[in-house]
Amino acid sequence: AVAVVVETPGGSGYLSAAFGYIPAGPGPAWAEVVPSLDYSCGLTRAGAVYCWGSGSYYQQFVPLPIDGMSSGVTDITAAYGRACAVKNGAAYCWSSSEWYPALGFPRAEWVEEQPHQVTGMAAGVSEIVTSGNHTCAIKSGRAYCWGENGSGEISGPIGGQSVTPREVPGLTSVTRVAMNGADTESGTTCAVADSALWCWGDNAWFQRGSTDTSPTGTPTRVSGMGSGVSDVALHDIGYATCAVRNGGARAARGDIVAFV
């Protein structure tokens with residue numbers, strides 16, 4: 001995630017997509033900030049999570065600590081009123097809105113304000129990322145996704161939803177996962193696996209790097225991106241995908257490859 005640092009007469013801070021300027025001090029020392037449309041979170045250097053923003057049922061205008069997330073957190077993600085984190089190798093999610101399938105556990109209440117461990121994600125999780133309608137994580141080098149599947153974005157047969165994480169077939173040695181998907185049943189997911197770029201889900205804007213606009217739940221390797229790929233990012237509402245590809249003498253700088 002990218003944090004936008006802003007200098008003001010009162011000191012430095014971060015520009016949040018949810019509620020504008022968030023002061024950097026004398027509050028927590030941030031290691032990472034993940035802004036989203038209406039709900040943002042920050043990870044401190046001590047491994048604690050704070051969140052702020054607007055939800056369907058409450059608003060918090062300053063960073064507040066998340067229960068059970070005071071230490072041991074190594075990765076965070078936030079989107080559309082939902083947040084997830086990796087703590088001591090386990091994945092947890094919580095929400096300030098009703099979009100529950102992407103939380104990864106059967107809901108006990110309409111709004112799950114407290115972090116709950118994602119089903120089957122108790123150990124080995126290294127990364128987690130969420131969007132408007134689905135969530136994915138890397139566990140022991142494999143990609144798992146859950147939530148809505150209107151375009152095949154969590155893999156498998158198109159349609160329906162899954163609260164339980166679903167292993168994405170055919171991918172090994174996964175190092176990065178990225179996605180998009182607004183608050184709808186359409187989304188796209190990409191992953192870096194064995195240094196190659198793979199994508200699945202919606203392709204209305206050619207964001208999978210293919211001219212075939214039909215949705216698919218099967219990961220497909222992106223043409224020309226079969227090796228040397230180290231990172232990938234998708235535009236939040238689905239218009240473009242970008243990847244970093246290294247090769248030969250240019251490996252230190254890398255190539256930025258975009259397809260729209």
Side-chain angles (χ1 to χ4, degrees), residues 1-3 32 34 36 75 77 79 102 125-159 165-182 184-260:
V2 176
E32 182 180 10
V34 286
S36 71
D75 193 32
T77 181
V125 181
S126 57
E127 180 177 287
I128 192 165
V129 60
T130 193
S131 71
N133 61 6
H134 68 300
T135 303
C136 294
I138 299 174
K139 176 185 174 182
S140 301
R142 302 276 183 163
Y144 294 79
C145 296
W146 58 95
E148 298 290 346
N149 203 38
S151 297
E153 57 265 47
I154 67 171
S155 77
I158 295 173
R166 176 181 297 176
E167 183 176 350
V168 180
L171 300 183
T172 59
S173 300
V174 179
T175 55
R176 292 288 292 168
V177 175
M179 64 177 64
N180 62 32
T184 67
E185 295 183 0
S186 174
T188 306
T189 310
C190 294
V192 177
D194 291 309
S195 299
L197 182 61
W198 302 76
C199 295
W200 60 98
D202 183 56
N203 198 40
W205 298 93
F206 312 114
Q207 62 268 38
R208 293 201 322 256
S210 167
T211 57
D212 180 2
T213 57
S214 301
T216 180
T218 302
T220 304
R221 194 173 70 183
V222 178
S223 178
M225 305 293 284
S227 63
V229 181
S230 59
D231 205 355
V232 62
L234 282 76
H235 186 279
D236 188 48
I237 58 175
Y239 297 132
T241 302
C242 292
V244 177
R245 181 183 61 199
N246 298 323
R250 306 177 68 187
R253 182 177 64 84
D255 295 332
I256 305 299
V257 181
F259 33 103
V260 296

Query - Side-chain donor/acceptor of Asp202 to backbone N/O of Ser151, under 3.5 Å - result: no
Query raised in the report: Can Glu153 and Thr189 be counted as having a side-chain donor-acceptor contact under 3.5 angstrom?
Result: no
**Report entry** Contacts of Asp231 that satisfy salt bridge (Lys or Arg N to Asp or Glu O under 4.0 Å) - sequence neighbours left out
**Finding:** Arg176
Solution key, residues 218-230 side-chain donor-acceptor pairs under 3.5 Å, sequence neighbours excluded:
{"from": "Thr220", "atom 1": "OG1", "to": "Thr218", "atom 2": "O", "distance (Å)": "3.3"}

Query raised in the report: Between the side chains of Asp194 and Ser173, is a donor N or O closer than 3.5 angstrom to an acceptor N or O?
Result: yes
Query raised in the report: Could you give the distance from CG (Asp212) to CZ (Phe206), rounded to the nearest 0.5 Å?
Result: 10.0 Å
Query raised in the report: What's the spacing between Glu148 CD and Thr135 OG1 if we round to 0.5 Å?
Result: 11.0 Å
**Report entry** Verdict with supporting geometry, Ser214 and Asn203, side-chain contact (heavy atoms from CB on, under 4.5 Å)
**Finding:** CA-CA 6 Å; Ser214 301; Asn203 198 40; over 6 Å; no
Report task. Output, in order, the C-alpha distance, side-chain angles, deciding distance and verdict of side-chain contact (heavy atoms from CB on, under 4.5 Å) for Asn149 and Arg166. Result -> CA-CA 11 Å; Asn149 203 38; Arg166 176 181 297 176; 3.5 Å; yes
Query - Rounded distance (nearest 0.5 Å) linking atom SG of Cys190 with atom CG of Asn180 - result: 8.0 Å
Report summary line: Rounded to the nearest 0.5 Å, the CD1 atom of Ile158 sits from the OG1 atom of Thr216 at a distance of 6.0 Å
Query raised in the report: Going through the distances and angles, do Gln207 and Thr188 end up as a side-chain hydrogen bond (donor to acceptor under 3.5 Å, both in side chains)?
Result: CA-CA 8 Å; Gln207 62 268 38; Thr188 306; 3.0 Å; yes
Requested in this report: Look at the side chain of Glu127 and the backbone N and O of Val177, then say whether any donor-acceptor pair between them is shorter than 3.5 Å.
Outcome: yes
**Report entry** Smallest separation among heavy atoms of Glu32 and Val34, with atom names
**Finding:** OE2-CG1, 3.9 Å
Report task. Test Val168 against Tyr144 for side-chain contact (heavy atoms from CB on, under 4.5 Å), laying out the working first. Result -> CA-CA 6 Å; Val168 180; Tyr144 294 79; over 6 Å; no
Query raised in the report: Taking atom OG1 of Thr241 and atom CG of Leu234, what is their separation to the nearest 0.5 Å?
Result: 3.5 Å
Report summary line: Trp200 and Cys145 have their tightest heavy-atom pair at CZ2-SG, 4.3 Å
Requested in this report: Calculate, to the nearest 0.5 Å, the distance between atoms CG and OG belonging to Asn246 and Ser195 respectively.
Outcome: 9.0 Å
Query - Met179: which of Val129, Asn133, Thr77 passes side chain to side chain contact (heavy atoms under 4.5 Å, CB included) - result: Val129
Requested in this report: For the pair Thr172 and Arg142, evaluate side-chain contact (heavy atoms from CB on, under 4.5 Å) and give the outcome as yes or no after the intermediate values.
Outcome: CA-CA 6 Å; Thr172 59; Arg142 302 276 183 163; 3.4 Å; yes
Requested in this report: Mind listing the closest non-hydrogen atom pair of Ala178 and Ala233 along with its distance?
Outcome: CB-CA, 4.1 Å
